[in-house]
Amino acid sequence: MQSSEIRQKFFEFFEARGHRVVPSSSLIPDDPSVLLTTAGMQQFKPYYTGDADSMTSVHPMLGKPLGSKNAVSIQKSFRTSDIDEVGDERHLTFFEMMGNFSFGGYFKEGAIKLAHEFLTSKEWMDLEISYVTIFQGKEDIGVPKDEESKEDIGVPKDEESKRIWQSLGIADIREEGMEDVFWGPTGSSGPCGPTTEIYCKNGAGQDIEVWNIVFNEFFFNGSREELLAGNSGKKLERLKTPGVDTGMGLERLVMVVQKTTTIFETDLFAPIHSFMRGNASRQEEMRIIADHVRAVTFLLADGVRPSNKERGYILRRLIRRAIIQWQQLGFSRHGLSNLIKGMMDQYGVFYEETKHNQGTVDHEFYVEAEKFDRTLKTGAKEFFDRFPDMKIKEGAFGFHQIKRISGDDAFYFHQSYGLTLDVIKDFAKKGGHIVEVDEKEFESALERHREISRAGSQSKFGGHGLYMKTGEVTIRDESEVEKVTRLHTATHLMHAALRAVLGPEVRQDGSDITVERTRFDFRFGRKVTPDELKKVEDWVNEAVEKDLTVKWEEMSYEEAIARGALGFFHEKYPVRVKVYTMFDPDTNEVYSKELCGGPHVAHTNEVGRFRIVKEESSSAGVRRIRGVVE
Ligand code: SER
């Protein structure tokens, strides 16, 4: 059965059983507490909380009320939490989620029977259910018993679902806990409740979770993390309109119906099949490309644009990773654009936005890819300059020599060009060598960098502190890190510019950088004139346009001072310090040299346009400037 028929049957089945067909909402959600739409239920949240009524409130996309307590949709969804799993048989970032919903209509019995019939009936999917899961219960979770007694009871084991499954002849019923079979909330608060999940076999006989049926009984006024941690003191409240929210990944259902081993072999990925067959030994890379190309197509078509912020940053990462993987297979970028076109053609049948925005999607991808090309080229050039023998054997095979790349060197390329360890290894492999990267040393370089930065961030001059919040930065934090990093480099340039324009007696007195702006204090006896400020701004922007190289070295404090690096002489520095130098690679002219925890951009053109927004007095003899980058 083709995927298009599966979609059609899904709608047909539920429509015939009283469900209103609702179109997919955009990947850019209305709910500001989530970056992207992650589930079909998101657009229906107000029906569960009682903020809207499906019978009477106007549905924003239909322009009229649903007029039913039941809905069915196939929702474009995106989950960043699965990014690192992409490459295996069944994880994706972008996927289509099929779901049927009830807002005060049917509950457990209705939902389970509908799912059972759709999956197992000969007329519909004709599948066999391997097993199902139910919620095992949790006593120590705050749920007030009822209005009167207010006594806390937990969420009991879902005996009702168990009985219903048994009555349908399902023998294998497994009990699981909060992590697996308790859904939600999405975002900063929302409906949530126990679930029952259905597993079927794929073509390789593996059991795959295909459908998740959520019984939205509760509302939690906090995030899922808070709910799972269990120490927020917040309680689950009973929902005004308990309901059902189900989710079945179309890709997984198609895999099970078409009896393939992976989701990538289904007809949903047809545009990439010939490439997959031609690169049978590189399946992981092909799957990453397949997932990312499809995700990029949909994100661009829904109006997300590559940037260093939030969803724009997610998109940028997907584009960059797809390009890296694609080029490593030896293909030209043109081929990748064709693949995107193939996706738009295939999906344009169901999603008008991918058909109508073809030109824009194509153009945006091209511009971003060009940008990344330039960064990669500089990174690769420097890499091969540093490791020339890696290149000599390019194309040679049959003779391998083991090469080692130190962790410090790998870290340098990671830090300067955003090259991941995998890419560094792949670069090195190009020479036909077996390459070992000292990953332990890489990790300790990373840790040392953090320590120096931490020491730096405690002193006034230093690092911006964002890296150090947690060892692992989240995607949202990473986008902030990028912004602050650009501002940080702009601050060094501004310091140098002030000395160039006002004289070398200018001395930094402190700085503070947030995601919005840099604030820089310096010793200087009078107000800086508008004309001088303009000169400072121009100086910085010229240095940005010259695309100076930014390099750092670790050395002793004494050596740093001896080499003329600027620092605060009254600060207590660690024994080993980092010195950041910004220089013109053509002339070697040094524009700035400072002791600093970092991090900084690798090339000043990443800073963007610098603008001074305010100059004022901070205290006697100290001026304060605020600047932004655009
Ligand atoms: N919201 C649930 C999920 O995403 C069911 O739709 O799994």
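Here the structure is a predicted model, which means the values were calculated and not measured. When a ligand or atom number is given, it counts from 1 through the structure's own listing order. Residue indices begin at 1 and follow the sequence shown.
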- [ ] Mind jotting down which protein residues get a heavy-atom contact under 4.0 Å with ligand 1? Chain and number order, please.
- [x] Ala39, Met41, Arg79, Met97, Trp183, Asn212, Val214, Asp245, Thr246, Gly247

Open item on the list: Quick test of your reading: applying side-chain hydrogen bond (donor to acceptor under 3.5 Å, both in side chains), list the pairs with at least one residue in residues 200-215, sequence neighbours left out, ordered by first then second residue.
Closed with: Ser130-Asp207, Thr195-Asn212, Lys201-Asp207, Asn202-Gln206, Trp211-Thr246

Open item on the list: Considering only residues two or more places apart or on different chains, which pairs with a residue in residues 263-281 satisfy side-chain hydrogen bond (donor to acceptor under 3.5 Å, both in side chains)?
Closed with: Ser3-Asp267, Gln258-Asp267, Thr262-Glu265

- [ ] Could you tell me whether Arg174 and Asp172 make a salt bridge, using a distance below 4.0 angstrom between a side-chain N and a carboxylate O?
- [x] yes

Task: Partner set under side-chain hydrogen bond (donor to acceptor under 3.5 Å, both in side chains) for Arg321, not counting sequence neighbours - done: His292

Task: Phe78 and Phe298 aromatic centres sub-6.0 Å - done: no

TODO: Using the side chain to side chain contact (heavy atoms under 4.5 Å, CB included) rule, pick out the option among Glu109, His116, Glu117 that qualifies with Lys113.
DONE: Glu109

